Amino acid sequence: MADTHVWWRWRNEPGRLTHAQKRALLLAERRGQRIEVAAISLWEMAQMAARGRIRIYTTLEIWLEAMAANPMIQVLPVTPSIAPRRPCW
């Protein structure tokens, strides 16, 4: 599972990823594995945009839909079984 900042950086600021994060994401892409992210990450990115911590160049709704629609991403609902998971990267 990727945390919010890794997901953002992977799609928008790949130069800010650590070497280990880049390697893990590249390996997942090569294997055709989907990257899991918690649904709360969508909310967190919306908050980051609202506070000006990240810049987006379209409406928030369109941008969030595009982030979640990436075929490499699997957005998981926040459930009792997901909540305790620690991000892998």
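Note that the structure is a prediction, hence the values are computed from the model and not measured.
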Partners passing salt bridge (charged side-chain N to carboxylate O under 4.0 Å, His left out) against E13 (at least two apart in sequence or in another chain)
R16
Between [Y] and [X], is there a side-chain heavy-atom distance shorter than 4.5 Å?
{"X": "Q21", "Y": "W10", "result": "no"}
{"X": "I35", "Y": "V6", "result": "no"}
{"X": "T4", "Y": "Q47", "result": "no"}
{"X": "Q74", "Y": "V37", "result": "no"}
{"X": "W63", "Y": "I54", "result": "yes"}
{"X": "V75", "Y": "E36", "result": "no"}

State which residues pass side-chain hydrogen bond (donor to acceptor under 3.5 Å, both in side chains) with W7; sequence neighbours excluded, sorted by chain then number.
none
Do you reckon I62 sits in the same ILVMFWY cluster as M45, going by side-chain contacts under 4.5 Å, direct or chained?
no
Atom of A68, atom of L42 and distance for their closest heavy-atom approach:
CB-CD2, 4.3 Å
What are the two closest non-hydrogen atoms of P77 and A39, and how far apart are they?
CA-CB, 4.2 Å
Give every residue pair that meets the salt bridge (charged side-chain N to carboxylate O under 4.0 Å, His left out) criterion with at least one member in residues 45-55, sequence neighbours excluded.
none
Distance-only, no hydrogens or angles: does the R34 side chain make a donor-acceptor pair with backbone N or O of I73 under 3.5 Å?
yes
Can R31 and L27 be said to form a side chain to side chain contact (heavy atoms under 4.5 Å, CB included), step by step?
CA-CA 6 Å; R31 292 180 175 170; L27 183 59; 3.6 Å; yes
Would you indicate whether E65, at its atom CD, is surrounded by more than 12 heavy atoms from other residues, nucleotides or ligands within a distance under 6.0 Å?
no
